[in-house]
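Remarks on the structure that follows.
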Amino acid sequence: MVEVQEEATYVPHHKKKIAFLLSAMRHFAQSLRQEGWSVDYVRLDDPENSGSFGGEVERAIARHDAARIVVTEPGEWRVRAAMETWADRFGLPVEMLEDDRFLCTSGDFAAWAEGRKQLRMEYFYRDMRRKTDLLMDGDKPEGGRWNFDAENRKPAKGHDPMPLPCRFEPDKMTEEVLSLVEERFSDHFGSLRPFWFAVTADQAEQALDHFVKQALPRFGDYQDAMLQDERFLYHAVLSPYINAGLLDPLAVCRRVEAEFHAGRVPLNAAEGFIRQIIGWREYVRGIYWLMMPSYVDLNFLEQDRSLPAFYWTGETEMACLRACIGQTREEAYAHHIQRLMVTGNFAMLAGVDPKAVHEWYLAVYADAYEWVELPNTLGMSQFADGGLLGSKPYAASGNYINKMSDYCSACAYKVKEKNGPEACPFNYLYWDFLDRHRDKLAGNPRLGQVYRTWDRMDPARHEAVRADAERFLEQL
Ligand code: FAD
Ligand code: SF4
């Protein structure tokens, strides 16, 4: 096992993310040794460490007089491409094993996608339900419907107190890693402390147990809600653990299904949660491997603005962005709707280059790896793939954010005002975005009604929208 500088720095990963992964690796090596394995572990601060995967494989081959190289398939195209050069580079056979943190191999996904005109998640998800037998009643879905999403969009104003995710005190090994990260990555994004992530499989199990008992019953209801003083609502906060391999995705889903069968969790919550894991998580990974390496360069809307500096500092008068970015800096976490409808929505409306948006998301979240982050960002959130992942852009005005959150009451801008210096910028940027991209978006059947509304507006309103957007984007 090797801690490599190159992997920690090719984007400025959040300090908490680096600390989480290094600590989880060190704890894993320790548990393997306790089970009797011999582990050759190279630390980041080892003076001999070459700083790259390739360099470390080369040194390991020499140390162990290796006859072959066995690796698990990685989570990024970049790393896979490098591994594919190793047979020639080192003159040894390279065997690449399937990654068992997934239920659908990239080969199975490619077979599912073959010959389909549209790769809709919903149909993939139904196949995965049949394949895993999760929430099935014979060959029919439990409760007579595949999807209970319509019940999962409640705003959470006037809510009961909400549970916090399970927190763990750093042990000695984690403290050592925290000092290392403080010293080496002080210029990276985000706050390192307080650090409370699980770093072992046992702790991740405890976090799962805590989620299932405390939050899962209400997971569905408030899935799309956002609140200033409740960063986690009823979300699982398990993605870092599942993606790093501390939790097994199928076992997590079986546990959730068992809670439903025991009558402790309603169907809309259990189905909604299981869909995220065997549906969305597997589906985006399938898309990633199907579409790479060209996927990362897609820019359907030809947007080219730089990412605003406040994405790194959180310093903006827009309360929704300030809250989501501030929380991202402190926790290396934001839930799906904050990522999609606040930071993602704003970047798309403002015309930011999707690659810059992608690099930001890859850096700032503790759960971010390219196989999952790229399709979510470039496809779902920025519409840069022209509709492969989502049938229309996730663009919204301030009205949506106001409906689903309590951010607007603390904002310098007025969400009810459509134009002028005091108006919520999302309001005019939304229309300006649609106007700017009319040639590419007007033919989308799901946007027909929206363009008809725009066309019915007074020409003076059109001019005001364009002028407000120009003024705002210039000072951005
Ligand atoms: P919950 O809302 O409690 O959901 C439960 C689980 O379902 C998650 O732990 C996760 O494993 C899975 N899940 C839910 N939605 C998705 C999804 N769209 N894609 C894949 N898995 C999903 N997720 C990542 O794991 N890594 C990323 O880098 C990442 N980047 C994203 C970027 C953007 C722009 C957007 C819109 C979404 C991104 N997501 C990413 C998906 C989603 O936001 C996170 O998985 C979720 O917020 C994790 O928090 P949670 O564990 O509390 O999730
Ligand atoms: Fe965000 Fe607009 Fe609401 Fe301010 S008024 S919090 S900018 S949606």
Side-chain angles (χ1 to χ4, degrees), residues 17 75 101 121 152 165 207-208 211 215-216 219-220 222-224 226 228 231-244 247 249 252-253 256 269 272-285 287-288 316-324 332-348 354 357-358 360-382 389-390 394 396-417 422-430:
K17 177 183 185 183
R101 288 170 298 185
M121 197 292 289
N152 292 353
L208 169 64
F211 162 67
L216 178 62
F219 169 83
Y222 301 117
Q223 216 178 325
D224 288 5
M226 297 174 281
Q228 183 82 34
R231 297 173 166 184
F232 306 100
L233 291 102
Y234 295 99
H235 287 275
V237 198
L238 293 177
S239 50
Y241 311 146
I242 300 173
N243 293 349
L247 287 175
V252 169
C253 291
V256 167
F273 184 84
I274 287 173
R275 174 160 26 90
Q276 307 308 315
I277 305 235
I278 66 168
W280 280 111
R281 182 173 181 274
E282 298 285 335
Y283 170 80
V284 295
R285 177 176 184 256
I287 294 279
Y288 178 79
T316 163
E317 305 247 277
M318 290 174 278
C320 52
L321 283 153
R322 194 170 60 233
C324 295
Y333 176 85
H335 72 68
H336 189 69
I337 294 299
Q338 294 176 306
R339 297 186 206 196
L340 186 65
M341 300 312 293
V342 180
T343 41
N345 181 23
F346 183 83
M348 181 174 67
V357 185
H358 146 59
W360 184 79
Y361 279 98
L362 186 59
V364 303
Y365 291 111
D367 58 17
Y369 304 85
E370 205 175 82
W371 64 264
V372 53
E373 175 279 325
L374 185 68
N376 268 302
T377 302
L378 201 109
M380 189 188 304
S381 145
Q382 300 301 296
L389 228 93
Y394 279 98
S397 68
N399 190 32
Y400 173 85
I401 296 174
N402 189 35
K403 190 173 92 192
M404 297 312 295
S405 79
D406 62 357
Y407 297 143
C408 300
S409 56
C411 188
Y413 295 101
K414 296 191 171 117
V415 72
K416 299 284 179 205
E417 289 202 12
E422 296 203 332
C424 164
F426 282 86
N427 290 343
Y428 47 79
L429 289 178
Y430 170 75

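Note that ligands are numbered from 1 as they come in the structure, with each ligand's atoms numbered from 1 the same way. Numbers for residues simply follow the sequence, beginning at 1.
At least one heavy atom of A334 sits closer than 4.0 Å to an atom of ligand 1.
Shown in contact with H235 at under 4.0 Å from a heavy atom are these atoms of ligand 1, numbered in order with element: 1 (P), 2 (O), 3 (O), 52 (O). Residue H335 approaches ligand 1 through these ligand atoms, each under 4.0 Å from one of its heavy atoms: 47 (O). Atom numbering of ligand 1 starts at 1 in the shown order; those under 4.0 Å from a heavy atom of A368 are 27 (C), 28 (O). Close approach of ligand 1 to V237 is summarised as follows: ligand atoms under 4.0 Å from at least one heavy atom of the residue are 50 (P), 51 (O), 52 (O). Each of the atoms 36 (C) of ligand 1 lies under 4.0 Å from some heavy atom of L340.
By heavy-atom distance, the residue among Y361, W280, Y234 lying nearest atom 34 (C) of ligand 1 is Y361. Looking at L374, L362, D367 and measuring to atom 26 (N) of ligand 1, the nearest heavy atom belongs to D367. Comparing T377, N345, L378 against atom 32 (C) of ligand 1, the shortest heavy-atom distance belongs to T377. Distances from atom 5 (C) of ligand 1 to the heavy atoms of F273, F211, Y283 show the closest one on F273.
Protein heavy atom in closest approach to atom 37 (C) of ligand 1: H336 ND1, 3.5 Å. Remark: minimum distance from atom 3 (O) of ligand 1 to any protein heavy atom is reached at A236 N, 2.7 Å. Among protein heavy atoms, atom 8 (C) of ligand 1 sits closest to S239 CB, 4.0 Å. The protein non-hydrogen atom at the shortest distance from atom 15 (N) of ligand 1 is Q276 OE1, 3.3 Å.
Proximity of M380 to H336: side-chain heavy atoms (C-beta onward) are separated by under 4.5 Å at one or more points. Side-chain contact check for M121 versus R275: some heavy-atom pair is nearer than 4.5 Å.
Note on ring orientation: taking the six-membered ring where Trp is involved, the planes of W280 and Y283 are perpendicular (angle over 60°, cut-offs 30° and 60°).
If you look at atom 1 (Fe) of ligand 2, the protein N, O or S atoms less than 2.8 Å from it are C320 SG.
Contacts between S381 and ligand 1 below 4.0 angstrom, taking non-hydrogen atoms only, involve the side chain exclusively. Residue-level proximity to ligand 1 for Y333 is carried by the side chain, the only part with a heavy atom below 4.0 angstrom.
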